[in-house]
Number of protein chains: 2
Amino acid sequence: MRKDIHTDGIPVLCVSCEARHRGVCGALEPEQLVSLAKSSHKQQAQSGTELLGDAERIDTYANVLSGVVKLTKTLSDGRQQIVGLQFAPDFLGRPFKTESDLNAEAATDVSLCAFPKAAVERMMQASPELERRLYRQALDELDEARDWMVTLGRKTAAEKIASFLLMIARHIDPTDNPDGDAAAFDLPLTRADIADFLGLTIETVSRQLTRLRADKVISIENNRHIVVPSLSRLEARAGN
Amino acid sequence: MRKDIHTDGIPVLCVSCEARHRGVCGALEPEQLVSLAKSSHKQQAQSGTELLGDAERIDTYANVLSGVVKLTKTLSDGRQQIVGLQFAPDFLGRPFKTESDLNAEAATDVSLCAFPKAAVERMMQASPELERRLYRQALDELDEARDWMVTLGRKTAAEKIASFLLMIARHIDPTDNPDGDAAAFDLPLTRADIADFLGLTIETVSRQLTRLRADKVISIENNRHIVVPSLSRLEARAGN
DNA sequence: CGGAAAGTTGACGATCATCAAATTAAGTGG
DNA sequence: CCACTTAATTTGATGATCGTCAACTTTCCG
């Protein structure tokens, strides 16, 4: 009985899935993948779709396969803050809690691989390796959240915008030249989202972007597409 | 051979330790406690002591036994932000990373139970239950960080102060009447620390505290001791 | 082409930071 | 225990940054 080293026994669903390489599914053995894949399904959601409501019962987890999901919190009078952005292949979910205390919404069109909560939790029991990956991701998210607290609490509007653009560039620059100091990408967020992420207003976001453009640190095409000729020049404005 | 059900075989160091009840050590069997206790030691640090420097190699973890530890991040020009506060019996440390990217400093006099990093990691391998507790704490810290992001990004100075006082009251009100709407406590932070926590200046912190006192929402004795006659009245000012 | 949504720009004002000085608390050595 | 020093906090005056309100422009999509 011969075995193809890499893909034999791996569910079709998972063969080319990024989550199996850089995401949490990388922790699983082929037979565990098979078992999990049985109860999982791919799911598309278009920009703006609410994936999970505040105070809603959580019964599914998911991997982000493409697109960006925003996690938000809202005060009773409507003020909103984005408290997390999830890119592929992040794991979406909050183990050990039955109710969500935040909203998850598709910031762009997204595709997800959804699992029943119970299936993941069973798998976590069976695979310490999976739990460890989830733990690592939680720690990474905690690091990011803390970096963001500095931005929210101590940076100026101009620095916030520069920091935000840098973060996005690092996550989704398609031209991905590792040493190249240039970058270009489409913003996954509207001005309103950026404002909610940075604790600013739309107007301030717009003004600061205009200023960066006037100073030739970035150029903007069609509102959404950003070109950064020199990341180091942008970085100099992030105030770290 | 008789066994005292509760304390037999438990290291003296641990018998009355809070971390064994509500903290991560609760995950360990008596013999594991014994093994860990061998390499652990209690440690005192007075207010202001740096426990861990940014970019420093991490080689010890610790449980906070009493007092408050503040986690801070500093920008190159000196602006500072507190990104976490740890109370007893929190676990202090960042598994899976060899270098710290933040500072830990004793905000009050603290006592710690310190462990060599390697010992904890060995124990994590041996005890999924321990890893799970650490994971849970990381998730709790993430929840707190996200709540705080809303405060930093979207609340006014007045609301920030009220939110801060509420958080402290919940953590360290010694009079701990669960249904009682009143509370009293000593602030574990100086005005400067509170400012760094809330993304404000000392002056604004002072003015907002003065205003709360003028409005009889709190009273202040000796700068540090706060009495809150009605937590619900304070909560109404937190803007949630 | 036309209407709605998203983004930009401008004028003005409120909140909070900055600078400066006064007051209170906390140590320290005599 | 008290004078003296130093640190922490409060208070006041002023100004900059960013939010608010409003009008205008661009982009998107049927």
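Sequence lines set the chain letters: A, B, ... in the order given, protein chains first and strands last, and positions in each chain run from 1. Scope of the values below: all heavy atoms of this structure, side chains included, with no hydrogens, waters or symmetry mates.
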Pair [X] + [Y], salt bridge at N-O below 4.0 Å:
X: A:Arg146; Y: B:Asp101; value: no
X: B:Arg154; Y: B:Asp147; value: no
X: B:Arg94; Y: A:Asp143; value: yes

Nearest to the side chain of B:Arg191 - C:dT9, C:dG7, D:dT10?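 Among C:dT9, C:dG7, D:dT10, the one nearest the side chain of B:Arg191 is D:dT10.
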
So which nucleotide from C:dC16, D:dT9, C:dC19 ends up closest to the side chain of B:Glu203? C:dC19

Round to the nearest Å and state the distance from [X] atom [atom1] to [N] atom [atom2].
X: A:His225; N: D:dT26; atom1: NE2; atom2: C1'; result: 18 Å
X: B:Leu212; N: D:dT10; atom1: CG; atom2: C1'; result: 15 Å
X: B:Asp186; N: D:dA8; atom1: CG; atom2: C1'; result: 16 Å
X: A:Arg79; N: D:dG19; atom1: CZ; atom2: C1'; result: 13 Å
X: B:Gln208; N: C:dC16; atom1: CD; atom2: P; result: 7 Å
X: B:Glu221; N: D:dT9; atom1: CD; atom2: C1'; result: 16 Å
X: A:Ile161; N: C:dG7; atom1: CD1; atom2: P; result: 12 Å
X: A:Lys160; N: D:dG19; atom1: NZ; atom2: C1'; result: 12 Å

Regarding B:Asp90 and B:Gln137, is there a side-chain donor-to-acceptor distance under 3.5 Å anywhere?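 Result is no, nothing qualifies.
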
Starting at the 5' end of DNA chain C and moving along, which residue's nearest nucleotide shows up first, A:Thr204 or B:Asn223?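 Taking each residue's closest nucleotide, the earlier one in sequence belongs to A:Thr204.
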
5'-most contact on DNA chain D (nearest-nucleotide basis), A:Arg224 vs A:Thr156, goes to A:Thr156

Specify the residue among A:Gly199 and A:Asn222 whose closest nucleotide of DNA chain D lies further upstream toward the 5′ end. A:Gly199

Counting the atoms with a prime plus P, OP1 and OP2 as sugar-phosphate, which does [X] contact under 4.0 Å by heavy atoms, base, sugar-phosphate, or nothing?
X: B:Thr210; answer: sugar-phosphate
X: B:Ser206; answer: base
X: B:Leu200; answer: sugar-phosphate
X: B:Ile202; answer: nothing

Could one point to a donor on the side chain of A:Arg207 or the base of C:dG7 with an acceptor on the other under 3.5 Å away? no

Backbone N or O of A:Arg79 within a donor-acceptor pair of the A:Asp77 side chain at under 3.5 Å?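 Here the side-chain-to-backbone pair exists.
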
